[in-house]
Amino acid sequence: MKRKLLILSLLLVASMLLLTACGAPQPAPTAAPAPAATEAPAATEAPAATEAPAPTEAPAPTEVPAPIGPSGTLVRAISTFPNSLDIPQTAERQASTTAWQMFDSLVWFDDDGTIVPSLAESWDVSADGMEYTFHLRKGVKFHNGEPFNADAVVFSWERAAQGNFEYSTHWQRADSVVKVDDYTVKITTTEPDALFLSIMADNWAMIPPKYFLEVGQDGFNEHPVGTGPFKFVEWVKGDHITMEANPDYWKGAPKIQTVIFRPIPESATRVAAIQTGEVDIVTRLNAEEAQSLDGIDNVKVISYPLTRVFYIAFNNLTTGLDQPTMDARVRKAMNYAIDIDAIIGAIFEGHAKPAIGFVATSELGYDNAAPFGYDPEKAKALLAEAGYADGFEIGMACPAGAYTHFEEVCESIVGYLSDVGITANLDIMESGQYWDLEGNKQLPPLFGDSWSSAVGEGYPRLIGALGGMDFTYSAWYDEKIATMLNEIKVTVDQQARAKIYRELQTYMREDPPFIYLYEPVTFEAINTRVHGYHPRSAETYFLFNVSVDD
């Protein structure tokens, strides 16, 4: 298209501004945005460029350059070795956020935390809250050219709900998924589900039926196919995962041509890699590492509080059944035995806060109660009351390299428990092996972990860790907790749901299924050649709008 003469352009712009000022429809306000990631330390900015004077004569018409397609390569370091790139099988957040770059769900969360259309353009919900009719987006294709339609939705649900995967339970919230026509599906639940759309947004990745039936589960594991902005290229286990831009993405092509994910468990190695330009984004740094990057050319550090709770789990399903931790007095004693404030000060330089339960600070129903606090004498008294005045010996495990300073945290906990007579035999193991053992409920009676939630509520974290044998990474079951979690699930009214969360937290402090540790602030470092990268508080991120300077 040829560029119009300057004077005609100015007239057109003036006309558009006049129309807007005269009452053109404006978008409805959205929910208040979540706190943005803050820079640490603040970088000084160069003065804004001034505009050149407008030409006195219109320039000669020239051809407008063709739109620039995806370009450049972004390398992101991740702190764990993903166990899978198939969303229902991804063991933890770094695996799932890597995989999500290739997939879409029917709905998703925008940057304000609002559920918005994705592969479904719209949906209707019945008056009783148990029937959802989704109207699907037309013209969408999977990476292999297969069309996305109602058959793909039905197949994706049947495969994941019946697949006995780590997170099949998220798909089992639907009782049926039925094709109405090629671009309409009806999904029913057995009861109202207050978080159904939220769980769908964070878990229901659509896959192509014909391709999956051709290659089988093993073939899909080796070469996953979705509708997302990036397509799978290769996975060299233990070294890197490569994806490339999907030029036919239904939102338009992404800005980056190639994305490489590199597992680097050692945080010091990640710091070195961002300094040398070997990688463009590194995550899960500690405060000291972030400070060391202050003033480094081409590196910017950001920090933000995580909606993630760290804890030591008690196992009452398998390995902990015959242990002293079956007594609530022992579990409370172990909470009192550990100086969380000292751990936060010494290990995290104050960049965390004590966890008061299993609902994070920013989530619905957080009750702002006092934490257990450090009281070793009370811990000893409770142990004596439970019949363990001389203490006891117990097994404990923690993952290596998965979380910032977590090995040191676990070692500190062993020391504090020793002070009240409890000998915890700590085994720190490679994270991939750890997730496998956790999923099979084969970890020792005590084990450390953390759990984030991307839906603004603690329910996924609670049900995942406390759902009993039906949930892959659960190590605990309590009938009263199960009843209250089901009440949360079916209570649509938000204030009523918040009240149940608060009641649940009170109960879980009286009869704790965990040693509650902390909610951290996290640090990430990015190369200044990266633009548009905005991680969210659950450590989720989407690279569709991210670009890099060549």
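When a residue number appears, it is its place in the shown sequence, counting from 1.
- Atoms OG1 and CD1, on Thr97 and Ile78 in that order, are 7.5 Å from each other to the nearest 0.5 Å.
- Side chains of Lys353 and Thr361: a donor-acceptor N/O pair is present below 3.5 angstrom, by distance only.
- By the 4.5 Å heavy-atom criterion applied to side chains, Arg461 and Phe358 are counted as neighbours.
- The shortest heavy-atom contact between Tyr366 and Ala360 is CD1-O, 3.4 Å.
- Two residues are said to be in side-chain contact when any heavy atoms from C-beta on lie closer than 4.5 Å; Val140 and Trp250 meet this criterion.
- Looking only at side-chain heavy atoms (C-beta outward), Val309 and Ser450 stay at 4.5 Å or farther from each other.
- For the residue pair Asn144/Glu146, the side-chain donor-acceptor check at 3.5 Å is satisfied.
- In this structure a side-chain-to-backbone donor-acceptor pair under 3.5 Å is present from Asn83 to Gln89.
- Of all the heavy atoms in Ala273 and Ile264, the pair that sits closest is CB-CD1, 4.4 Å.
- Side-chain atoms of Tyr403 and Asp449 include a donor-acceptor pair closer than 3.5 Å.
- Between Tyr167 and Tyr473, the ring-plane angle classifies as tilted under the 30° and 60° cut-offs.
- Environment of NZ in Lys138: sparse, with no more than 12 heavy atoms of neighbouring residues, nucleotides or ligands closer than 6.0 Å.
- The two residues Pro254 and Asn246 come nearest to each other via the heavy atoms CD-O, 3.5 Å.
- A donor-acceptor contact under 3.5 angstrom links the side chains of Glu92 and Thr80, judged on distance only.
- Shortest non-hydrogen contact noted between Phe261 and Leu543 is CZ-CD1, 4.1 Å.
- Nearest approach of Pro354 to Ile344, heavy atoms of both residues: N-CD1, 3.5 Å.
- Paired with Arg529 under the rule salt bridge (charged side-chain N to carboxylate O under 4.0 Å, His left out), one option of Asp280, Asp297, Asp550 passes, and it is Asp280.
- Annotation: cation-pi pair Arg76/Tyr541 present, NZ/CZ under 6.0 Å from the ring centroid and within 45° of its normal.
- The closest donor-acceptor contact from the side chain of Ser96 to the backbone of Thr90 lies at 3.5 Å or more, if one exists at all.
- Using a 4.5 Å heavy-atom cutoff, the side chains of Leu364 and Gln494 are in contact.
- In this structure, Ser122 contributes its side chain and His135 its backbone to no donor-acceptor pair below 3.5 Å.
- With ring centers used as reference points, Phe310 lies 6.0 Å or more from Tyr516.
- With rounding to the nearest 0.5 angstrom, the OG1 atom of Thr242 is 9.0 Å from the CG atom of Asp239.
- Aromatic rings of Phe196 and Trp204 (six-membered ring for Trp) have centroids within the 6.0 Å cut-off, being under it.
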Item to complete: Go through Lys231 and Asp248 one step at a time and tell me if the salt bridge (charged side-chain N to carboxylate O under 4.0 Å, His left out) criterion holds.
Response: CA-CA 11 Å; Lys231 302 189 294 184; Asp248 301 317; over 6 Å; no
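- One finds the CG atom of Asn527 at 9.0 Å from the CG atom of Asp549 (value rounded to the nearest 0.5 Å).
- Side-chain contact check for Tyr249 and Asp104: at least one donor-acceptor pair (N or O, by modelled atom type) lies under 3.5 Å.
- The main-chain N or O of Phe220 is never found under 3.5 Å from a side-chain atom of Tyr211 such that the two would form a donor-acceptor pair.
- Counting only N and O atoms by type, the side chains of Gln257 and Thr73 include no donor and acceptor under 3.5 Å apart.
- Using modelled atom types, one side-chain atom of Thr472 and one backbone atom of Glu166 make a donor-acceptor pair closer than 3.5 Å.
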> Between Tyr533 and Ile281, is a side-chain contact (heavy atoms from CB on, under 4.5 Å) present by the stated rule, with each step listed?
Replying inline: CA-CA 9 Å; Tyr533 172 69; Ile281 301 174; 3.9 Å; yes
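- Looking only at side-chain heavy atoms (C-beta outward), Val455 and Glu363 stay at 4.5 Å or farther from each other.
- The local environment of NE2 in His531 is crowded, with over 12 non-hydrogen atoms from other residues, nucleotides or ligands closer than 6.0 Å.
- Looking only at atom types and distance, the side chain of Tyr501 has a donor-acceptor partner in the side chain of Glu457 under 3.5 Å away.
- In summary, the side chains of Thr404 and Arg284 do not present any donor paired with an acceptor at a separation below 3.5 Å, with no hydrogens or angles considered.
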For the pair Ile87 and Trp100, evaluate side-chain contact (heavy atoms from CB on, under 4.5 Å) and give the outcome as yes or no after the intermediate values.
CA-CA 7 Å; Ile87 293 294; Trp100 265 118; 3.7 Å; yes
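- Across all non-hydrogen atoms, the minimal contact from Ala402 to Ser79 is O-OG, 3.2 Å.
- Judged by distance alone, the side chain of Thr169 and the main-chain N or O of Phe471 form no donor-acceptor pair under 3.5 Å.
- From Gln433, atom CD reaches atom CH2 of Trp435 across 12.0 Å, with rounding to the nearest 0.5 Å.
- To the nearest 0.5 angstrom, Ile347 atom CD1 is 3.5 Å from Ser412 atom OG.
- Separating the CG atom in Asp111 from the CG atom in Asn545 is a distance of 8.5 Å, to the nearest 0.5 Å.
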Is there a side-chain contact (heavy atoms from CB on, under 4.5 Å) between Glu539 and Arg308 once you walk through the steps?
CA-CA 9 Å; Glu539 294 183 291; Arg308 179 181 286 277; 3.0 Å; yes
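- Residues Arg262 and Val279 meet the side-chain proximity criterion, which asks for heavy atoms closer than 4.5 Å.
- The aromatic ring centroids of Phe542 and Trp108 lie less than 6.0 Å from each other.
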Side chain to side chain donor-acceptor pair (under 3.5 Å) between Tyr304 and Arg536, intermediate numbers included: CA-CA 8 Å; Tyr304 53 97; Arg536 301 177 181 184; over 6 Å; no
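- Side chains of His143 and Phe232 form no contact here, defined as non-hydrogen atoms less than 4.5 Å apart.
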Start with the C-alpha distance between His223 and Glu234, add both sets of side-chain angles, then the distance that settles side chain to side chain donor-acceptor pair (under 3.5 Å), and finish with yes or no.
CA-CA 8 Å; His223 192 118; Glu234 68 173 358; over 6 Å; no
- Message: Go through it in stages, so that I can follow the logic: the residues are Leu293 and Val271, the test is side-chain contact (heavy atoms from CB on, under 4.5 Å), and I'd like the CA-CA distance, side-chain angles, deciding distance and then a yes or no.
- Response: CA-CA 8 Å; Leu293 293 171; Val271 170; 3.9 Å; yes
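- Looking only at side-chain heavy atoms (C-beta outward), Phe447 and Pro399 stay at 4.5 Å or farther from each other.
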task: Take Glu349 and Asn286 through the test side chain to side chain donor-acceptor pair (under 3.5 Å) and record every step on the way to the result.
output: CA-CA 9 Å; Glu349 299 184 20; Asn286 62 49; over 6 Å; no
